[in-house]
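It should be emphasised that the depicted structure is a prediction, and the values quoted were computed from it without experimental measurement.
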There are 4 protein chains.
Amino acid sequence: MTVNIKKVVVAYSGGLDTSVILKWIKENYDAEVIAFTADVGQGAEELEGLKEKALKTGADKVYIEDLREEFVSDYVFPMLRANAVYEGSYLMGTSIARPLIAKRQIDVVEKEGADSVCHGCTGKGNDQVRFEMAYLTLKPDIQIISPWREWEFKSRAELIAYSQEQNIPIIATAEKPYSMDRNLFHISFEGGVLEDPWSSPPQDMFTLTKSPVDAPNSVTTIEIDYEGGNPVAIDGKKDYSPATLLSTLNDLGGENGIGRVDLVENRYVGMKSRGVYETPGGTILHTAHRAIESITMDREVMHLRDSLIVKYADLIYNGYWFSPERVILQNLIDDTQKDVSGRVRLDLYKGNVTVTGRKSDKSLYHYGFATFDDDDVYSQKDATGFIRLNALRMRIKALLNQKR
Amino acid sequence: MTVNIKKVVVAYSGGLDTSVILKWIKENYDAEVIAFTADVGQGAEELEGLKEKALKTGADKVYIEDLREEFVSDYVFPMLRANAVYEGSYLMGTSIARPLIAKRQIDVVEKEGADSVCHGCTGKGNDQVRFEMAYLTLKPDIQIISPWREWEFKSRAELIAYSQEQNIPIIATAEKPYSMDRNLFHISFEGGVLEDPWSSPPQDMFTLTKSPVDAPNSVTTIEIDYEGGNPVAIDGKKDYSPATLLSTLNDLGGENGIGRVDLVENRYVGMKSRGVYETPGGTILHTAHRAIESITMDREVMHLRDSLIVKYADLIYNGYWFSPERVILQNLIDDTQKDVSGRVRLDLYKGNVTVTGRKSDKSLYHYGFATFDDDDVYSQKDATGFIRLNALRMRIKALLNQKR
Amino acid sequence: MTVNIKKVVVAYSGGLDTSVILKWIKENYDAEVIAFTADVGQGAEELEGLKEKALKTGADKVYIEDLREEFVSDYVFPMLRANAVYEGSYLMGTSIARPLIAKRQIDVVEKEGADSVCHGCTGKGNDQVRFEMAYLTLKPDIQIISPWREWEFKSRAELIAYSQEQNIPIIATAEKPYSMDRNLFHISFEGGVLEDPWSSPPQDMFTLTKSPVDAPNSVTTIEIDYEGGNPVAIDGKKDYSPATLLSTLNDLGGENGIGRVDLVENRYVGMKSRGVYETPGGTILHTAHRAIESITMDREVMHLRDSLIVKYADLIYNGYWFSPERVILQNLIDDTQKDVSGRVRLDLYKGNVTVTGRKSDKSLYHYGFATFDDDDVYSQKDATGFIRLNALRMRIKALLNQKR
Amino acid sequence: MTVNIKKVVVAYSGGLDTSVILKWIKENYDAEVIAFTADVGQGAEELEGLKEKALKTGADKVYIEDLREEFVSDYVFPMLRANAVYEGSYLMGTSIARPLIAKRQIDVVEKEGADSVCHGCTGKGNDQVRFEMAYLTLKPDIQIISPWREWEFKSRAELIAYSQEQNIPIIATAEKPYSMDRNLFHISFEGGVLEDPWSSPPQDMFTLTKSPVDAPNSVTTIEIDYEGGNPVAIDGKKDYSPATLLSTLNDLGGENGIGRVDLVENRYVGMKSRGVYETPGGTILHTAHRAIESITMDREVMHLRDSLIVKYADLIYNGYWFSPERVILQNLIDDTQKDVSGRVRLDLYKGNVTVTGRKSDKSLYHYGFATFDDDDVYSQKDATGFIRLNALRMRIKALLNQKR
């Protein structure tokens, strides 16, 4: 499939793997190499001096794009509107960034007239699928180089040896005993010391959040405003962009020990894997969104939507962001969000996000309807017929059985 | 429908409403009245002296049955095996007790040759549905008296006046500004001061749990063992019955501020309602069960089961416990639980239940399969074909569109 | 609920029941009575002289509206776009007409400043639910008169006696031994001689279709063009409105013995009921639509949509046309139909509708991709990885079991 | 993956492809070759002299097993109990045979101590997946040879040349301009002249069924008895085994032109494909099963089951017969079938299967409940409350909107 490779756009992070990849492609394919880095909020330390490094490593050209706003408004927020969770607890912070990076990588392909793309994902993980599903959907004749499925290197040590041999400027950091992926929505940890699912994760690993034990021993109360399913204000202040709003909540959540998850999950490629995640702001938003929905969304619309979330989450986790079925599900979800507007009050405290109030101009909750007393909308006598007809099929069966 | 009432079995709690009901039935129907009380863990204070009180109020006969073990093993545990949650956060502690009480009430009907049953639920709530759906399914020709939908009383004050007039022995407790329902699984609060969904619940209301703020500032680590989807041991100790195990976890959870939920939910009868719940042990078990499933359950089985939980939870919430569709769903769920065995380690701390480890003889997690390295089971090159065929339909569409 | 009735809009058909109703309302409520008749294609004989008859019977005012085009374009076609079928075979011709009639009845209420509506449905059927759900959704404070649930008449004989007593001009037709409902989409039969589900329906009952046995012994081939999920042409002729297109297909289908269905169905109110239906044009369109979808719709979109059809069909059958959940499902369905355009060729012959060809500019079928030979889009070797990773979770389980 | 091949069990049909395969394996792998043929009802002409032919072609050993009864009772009937249909019309006659053949092939592997299996499916189809998913699930370390994905031959002409060169005894039949697969349940046609989805299939292709046009011009009425979801008698005669019952219905259906289907379907490997099928007995049973369910199955059980059929059908079509999720779905389906017993009467006529009657000792249909009149089980007044509470959430929304 990869027979005529002249110009390759590489998803480049500046780390060991993708640094080696830049060089390896030049060497193996004698192709023009364009390094592409998406800033999705992985942090300044990863981005600093990246352009120079890429060029020194052998890139012919370097693109570094700030995609933080697009990431939050067009990827994170749509997913949060769906209340999407994978296997009960993972908020899919890695999954949701991949299609955006792949899409912009393809944009560079188009702009540069490149013929190939390359990523640094391993051959056993989900990310290779997410990148390549996006590539192939957006540009069906693109050639894909997946070095970890092709080259001879088998370990980090071999990569280091190669990079020394090739004078690749890598920073001699102590290797972490696990791998990480960070963006504005979350940080993930897997592999290494985490591979025994009976072992607790090391406490010094956590990056975005304080431990609940170390978090302040006082409650922080915040209010979040929603419009059409999206958060638009914190404590009444509207001057946030999507990315700055999420960032602010990351700080608040992180300070209060919110958003750590430790789970064993099922990868799309077929095996189980242990992952640990920090999603501080996302966890707050996930909780707040449910709360504002609770007073503004019709019951049957909610239950129908809820019954589709397993499917929707699978699509995101498995790399089907650009599939037609994800798009029609997203449209349905967005269709349910028109009236999801109002204010939610939350207590943040040592790992807890507790809803303590919610209100809305679009509220379908009405004091009088739920109270004990009769009213002109609801006649308590109606309950008799409601129950009797709902029970009728069971009664008929039981009556017929009595006669048999 | 209620035309020939000679002998009535009344679901009796000893509170104001059902005390008045005992008397009111005798007066209105000139029928024999049997008081039935199920001990589902509502606590000693509610049960003390109950028999004498019922007889004094006018009951001709009194049944008080300890159903705690049956409640936990045959109702709570099956529901926990399903990971059932209503509208994202309610663990359905009230919903799950009603079918059991109704069933035993019908058993008394059969034993006593009664012709009618009676409950004290209001005409706007879910509980009337849950009781009556069960009655009508189990005994399709039973006559049902639902006083709140029939009598003229409109307020608590009128009930008190009536009970004084009739010398009904009620205890002159200060009325709580909300209504409560308690059993071994949870306590619920609704109505009164809770009816404004923007107001925080009063802190002195909570009964089973400390506030996270007041909980100890140290981590309590526990281990729970599962067999076939059910919890069977705490910290390796197997000498628990279902009810004592749940009770022990209630104490542990309550002490650590675990299991409070505050939500606006959609009632089956059509309106939204605010409820606050404490489910300390149940919250621990809900979390632990997911964790032991995560290493022992097949991915597709899990996702299929997960996609049915909205439906299953609706059935329980809406009162369809004895329906044929709940039974076939339960069988499916139980079918998935055969290998859900092993041990989970959890940290309890100020409202948090954090999974830190899980292991099992039935584990489908295998270190080697998930690691970076190639192995003889998984060839990384397989990923290429996997991705390319999964993307094929999208590629074909994109290729055909290019030509158009 | 019906306490202040001054002006009533009655759904009037001109038959015995609704004629008696006109008079009965005037007599019982001393209210102004407006007769409303929707022409949804029930046929000229039912509509002829209807206005005069209504006025003679006592109506103060009469509305007769030709809703055939609206019925087909806004109700029948959306339902056909969904491939909706109830319980495997019923195309829901009665269910789909009720919301439209109810909606226009409410329009008359608004125009006339009426306070009440009335229909002639029995208290055991689905139609009362469909009418009243629509009324209550569109005008939540409307008063509803449902005579069959209120009055003392228990039989047709009593109605006839009353109408003679009141000089109501009813036509002395021989009573049919079953009840019927007809519109442009179908005719239904139930009750009377059909109530034994073991008895064959009487052959002289069928109205819209020849028996397959009596249909011509030669094949009629037709072609239907679709645009965006809707049929727009027959045999290349585009000069059809929705109603005339359906009517033309009714003639073609009826002549060829197409569209008879005989089933026992589950009513929403809880019991089983036997129904016999003729839906000639609808059956052709149902088959043709599936065929044009088969070449233009993405696989996963189709399977997702298919998995929602049971729910969608329930909503229509149960009277939830105007519910928010039907609307969001319809939007999803319509979202899937954008590219459902092209031509289908069908053989009509003695009860059979056989697809023999389909083609489309939007076709996702491509000769080369499905053939035996390799090509540059599909590498046969990819199948190895595809299969191996799809089987991986089962392999891992089996391998781990081997070791145990 | 296929590195140490000493003894191979080949799925052998006696046709050109698998004959070449026998020889090619011996030549390429220098392995012992065992030919395995499953008799699943493909007909005497394919099986005659097969053993000798296999041995002459080079097989070291030959297994021919009559699996017809197991095929029908353990594969076809379970699928029919589910009413499974793929994409609206395909009854999956090919899909359902593959797992059985694969399973018995693995049984031979175990018995013979073989290390590898081989099939003759092409690399673009579904059957390779169905075979290999079964192999890998049942014996996770089995080696698989898939010649069409491995060898150099690209066409039938090359195979013929090779077989002449190697003296392989193939019969010089005229090649059919399409490929076929036949078993006791159906025959399929695809490829060749069928590849243009606008072209009608050639009439002389059909094998199991007369054309409706050529079928007798008189109605054949039959009665089928069901017990627990399975057909057990025709016209009251119980002396049928599963296979002879299906075979009898194939004759009846085939004679009456029943069971032809022509569709474009979505293959699991990602492309669309045109298939034409004849399933005469299966079509009768599919219709009859729905009819007996209609009077014996609870409404909500039926709708829940129906909502899972898209998933179940996908699993069978895609080759997941032995997956744990197919097994739990099958258990659920079988759980619904306990009371699906009784008699169905059907008219067979020129392509039509028309249900005209159904009865059962387990019937949930009851004359009195569905009739017009009131009764002591159903009070028509109950409908008022039923409707009003079902409409309540929509009314509340509308009322609140009126005030805004």
Side-chain angles (χ1 to χ4, degrees), chain C residues 87-88 122-124 128-129 132-133 136-137 140 149 191 195 197-200 212-213 219 262-264 266 269 271-273 290 294-295 299 302-303 306-307 310 314 323 349-352 355-359 364-365 367 369-372 378 380-381 383-384 386-387 390-391 394-395 398-399, chain D residues 87-88 122-124 128-129 132-133 136-137 140 148-149 191 195 197-200 212-213 219 262-264 266 269 271-273 290 294-295 299 303 306-307 310 314 323 349-352 355-359 364-365 367 369-372 378 380-381 383-384 386-387 390-391 394-395 398-399:
Chain C
E87 297 189 346
T122 76
K124 282 190 149 181
Q128 58 177 342
V129 188
E132 298 182 26
M133 293 293 283
L136 291 167
T137 302
R149 302 201 307 256
E195 278 174 359
W198 183 247
S199 293
S200 296
V213 173
V219 174
D262 173 350
L263 80 155
V264 174
N266 289 291
V269 290
M271 78 285 282
K272 289 182 183 287
S273 157
R290 270 269 178 212
S294 76
I295 53 167
R299 181 186 71 201
M302 183 188 288
H303 294 202
D306 285 352
S307 74
V310 173
D314 280 4
S323 73
Y349 173 70
K350 280 183 168 290
N352 299 277
V355 178
T356 65
R358 61 299 264 169
K359 64 182 177 185
L364 300 174
Y365 178 94
Y367 178 87
F369 299 146
T371 51
F372 188 82
Y378 185 103
Q380 302 205 20
K381 295 202 183 348
T384 305
F386 179 72
I387 296 166
N390 278 317
M394 271 93 79
R395 288 184 71 216
L399 285 167
Chain D
E87 298 189 343
T122 75
K124 283 188 150 181
Q128 57 177 344
V129 189
E132 298 182 27
M133 293 292 284
L136 290 167
T137 301
W148 279 109
R149 302 201 306 256
E195 280 175 356
W198 183 247
S199 294
S200 295
V213 173
V219 174
D262 172 350
L263 80 155
V264 173
N266 289 290
V269 290
M271 78 285 284
K272 288 181 183 287
S273 157
R290 271 266 179 214
S294 77
I295 53 167
R299 179 186 72 200
H303 294 202
D306 285 353
S307 74
V310 172
D314 280 5
S323 73
Y349 174 70
K350 280 184 167 286
N352 299 278
V355 178
T356 65
R358 61 300 264 171
K359 64 181 177 185
L364 300 174
Y365 178 94
Y367 178 86
F369 298 146
T371 50
F372 188 81
Y378 185 103
Q380 300 205 22
K381 294 200 181 353
T384 305
F386 179 73
I387 295 167
N390 278 317
M394 270 93 79
R395 287 184 70 216
L399 286 166

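Looking at Ser199(D), the atoms closer than 4.5 Å to chain C (heavy atoms on both sides) all sit in the backbone: N, CA, C or O. Both the backbone and the side chain of Val264(D) come within contact range of chain C, with heavy atoms under 4.5 Å apart. Both the backbone and the side chain of Arg299(D) come within contact range of chain C, judged by heavy atoms closer than 4.5 Å. The contact between Met133(C) and chain D is made by backbone and side chain atoms together, counting heavy-atom distances below 4.5 Å.
The candidate with the highest count of non-hydrogen atom pairs below 4.5 Å against chain D, out of Val213(C), Leu263(C), Asp314(C), Thr137(C), is Val213(C). When the candidates Val219(D), Asn266(D), Ile295(D) are compared by the number of heavy-atom contacts under 4.5 Å with chain C, Asn266(D) comes out ahead.
Minimum interatomic distance between Tyr365(C) and Pro197(D) (heavy atoms only, all atoms of both residues): CE2-CD, 3.6 Å. The heavy-atom pair separating His303(C) from Glu87(D) by the smallest distance is NE2-OE2, 2.7 Å. Shortest non-hydrogen contact noted between Ile387(D) and Arg149(C) is CD1-NH1, 3.8 Å.
Val310(D) has its side chain out of reach of Met302(C): every pair of non-hydrogen atoms, C-beta onward, lies at least 4.5 Å apart. Side-chain contact between Asp262(C) and Arg358(D) is present, with at least one heavy-atom pair separated by less than 4.5 Å. Considering only heavy atoms from C-beta on, Met394(D) comes within 4.5 Å of Ser323(C) through its side chain. Residues Pro140(C) and Leu399(D) meet the side-chain proximity criterion, which asks for heavy atoms closer than 4.5 Å.
Note that the CE atom of Met271(D) and the OH atom of Tyr378(C) stand 5.0 Å from one another [nearest 0.5 Å]. With rounding to the nearest 0.5 Å, the separation of CD in Gln128(D) from CZ in Phe386(C) is 9.0 Å.
A donor-acceptor distance shorter than 3.5 angstrom exists from the side chain of Asn352(D) to the backbone of Lys350(C), with no hydrogens or angles considered. Side chain of Lys124(C) to main chain of Gln380(D): no donor-acceptor pair is present (N/O by atom type, distance under 3.5 Å, no hydrogens or angles).
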